[in-house]
Amino acid sequence: MNSTHPPLPDRVRLTGEGLVLRDWTETDVPAMPALFDDPDIAYWTPLVSPFDAAAAAARLVRSRELRAEKSVILLAITLDGGEPLGEGMLRRLPEAEGGGVELGYAVGPAHRGQGLAARAVRVMAAYAFEELGAERVILELEAENAPSVAVATKAGFTLLDVPLIEGEEKGRPYALQTWGLLPPA
């Protein structure tokens, strides 16, 4: 990590665009399977499938481990700080990867179509620029994931002319495009 940037904080609560993004808590664990045990989330994200109560408990533990490592912040997307509707992710990119912050998101199937992902991405991007000192914010998505491409576009990101990130996850090959956002002028 570049020492000129502040470390990822121990606690985060972001507000804006009618949303509150907050740390996951034990009380959220029962709601997680309804959010993440979904064919689209299983296909497009690295989250385990099936996503059951044990996976939810493990996700909470993992979110705390990542935070303790100061590498990733996982936040519940809510309207008012209460019921989780999805998850947002901020990951500080190593300088070897160009620096900046990568964002990610997943919205539960019952809560899609309300603009939650694009709003959450804009709130997280503003935080990355203003509080984390990011020079750039990126999203990595598959071109075939039309809903995520729409989120990137609605959130003001543009497709960058950089090589695809290719790999395999859950036995399925993928090729990720990189979408970028520069700080406001």
Side chains of [X] and [Y]: does their closest heavy-atom pair fall under 4.5 Å?
| X | Y | result |
| --- | --- | --- |
| Pro109 | Asp40 | no |
| Leu8 | Leu132 | yes |
| Arg91 | Val101 | no |
| Pro9 | Ile73 | yes |
| Phe157 | Val121 | yes |
| Arg13 | Asp23 | no |
| Arg136 | Leu93 | yes |
| Arg22 | Asp28 | yes |

**Asked** Under 4.0 Å between a Lys/Arg side-chain N and an Asp/Glu carboxylate O for Arg64 and Asp10?
**Response**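 No, this pair does not count.
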
Can any side-chain N or O of [X] pair as donor or acceptor with the backbone N or O of [Y] at less than 3.5 Å?
| X | Y | value |
| --- | --- | --- |
| Arg122 | Lys154 | yes |
| Arg92 | Ser71 | no |
| Lys170 | Leu47 | yes |

**Message:** Take a 6.0 Å sphere around CG of Asp80 and say whether it holds more than 12 heavy atoms from other residues, nucleotides or ligands.
**Reply:**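 Atom CG in Asp80 is crowded, with more than 12 foreign heavy atoms closer than 6.0 Å.
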
Look up atom [atom1] in [X] and atom [atom2] in [Y], then write down how far apart they are to the nearest 0.5 Å.
| X | Y | atom1 | atom2 | result |
| --- | --- | --- | --- | --- |
| Leu116 | His111 | CG | NE2 | 8.0 Å |
| Trp179 | Leu160 | CH2 | CG | 9.0 Å |
| Gln177 | Ser148 | CD | OG | 11.0 Å |
| Thr178 | Glu140 | OG1 | CD | 5.0 Å |
| Leu79 | Leu85 | CG | CG | 5.0 Å |
| Leu139 | Tyr105 | CG | OH | 5.5 Å |

**Prompt:** Distance under 6.0 Å and angle within 45° of the ring axis: does Arg172 meet both against Trp44?
**Reply:**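 Yes, Arg172 sits over the ring of Trp44.
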
Between [X] and [Y], which heavy-atom pair has the shortest distance, and what is it?
| X | Y | value |
| --- | --- | --- |
| Leu181 | Gly156 | CD1-O, 3.2 Å |
| Glu169 | Pro46 | OE2-CB, 3.5 Å |
| Ala152 | Leu141 | CB-CD1, 4.1 Å |
| Phe129 | Ala134 | CD2-O, 3.1 Å |
| Ala106 | Ile77 | O-CD1, 4.4 Å |
| Ala155 | Ala118 | CB-O, 4.1 Å |

Side-chain donor-acceptor pairs of residues 49-57 under 3.5 Å, sequence neighbours excluded:
residue: Asp52; atom: OD1; partner: Ala54; partner atom: N; Å: 3.2
residue: Asp52; atom: OD1; partner: Ala55; partner atom: N; Å: 2.9

Going only through I, L, V, M, F, W and Y residues with side-chain contacts under 4.5 Å, is there a path from [X] to [Y]?
| X | Y | answer |
| --- | --- | --- |
| Phe36 | Met89 | yes |
| Val151 | Leu159 | yes |
| Leu60 | Leu74 | yes |
| Met32 | Val107 | no |

**Request:** Would you mind telling me which of Val123, Leu14, Leu19, Val20 makes a side-chain contact (heavy atoms from CB on, under 4.5 Å) with Leu75?
**Result:**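 Filter result, single survivor: Leu14.
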
**Message:** If hydrophobic residues (ILVMFWY) are linked whenever their side-chain heavy atoms come closer than 4.5 Å, directly or via other members, who joins Tyr174 in its cluster?
**Reply:**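 Members other than Tyr174 - counting any ILVMFWY side chain reachable under 4.5 Å - are Ile165, Leu176.
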
**Request:** Any chance you could lay out the side chain to side chain contact (heavy atoms under 4.5 Å, CB included) test for Leu103 and Val137, step after step, and finish with the verdict?
**Result:** CA-CA 7 Å; Leu103 303 180; Val137 175; 3.4 Å; yes

**Request:** Starting from the C-alpha separation in whole Å, work towards a yes-or-no answer on side chain to side chain contact (heavy atoms under 4.5 Å, CB included) for Tyr43 and Asn145.
**Result:** CA-CA 10 Å; Tyr43 188 82; Asn145 187 345; over 6 Å; no

**Request:** Assess whether salt bridge (charged side-chain N to carboxylate O under 4.0 Å, His left out) is satisfied between Glu69 and Arg62, documenting all intermediate values.
**Result:** CA-CA 10 Å; Glu69 294 167 6; Arg62 185 66 180 140; 3.8 Å; yes

**Prompt:** Partners of Arg59 by salt bridge (Lys or Arg N to Asp or Glu O under 4.0 Å), sequence neighbours excluded?
**Reply:**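 With neighbours one apart ignored, the set is Glu87.
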
**Request:** Tell me, with the steps shown, if Thr15 and Leu21 meet side chain to side chain contact (heavy atoms under 4.5 Å, CB included).
**Result:** CA-CA 6 Å; Thr15 59; Leu21 281 71; over 6 Å; no

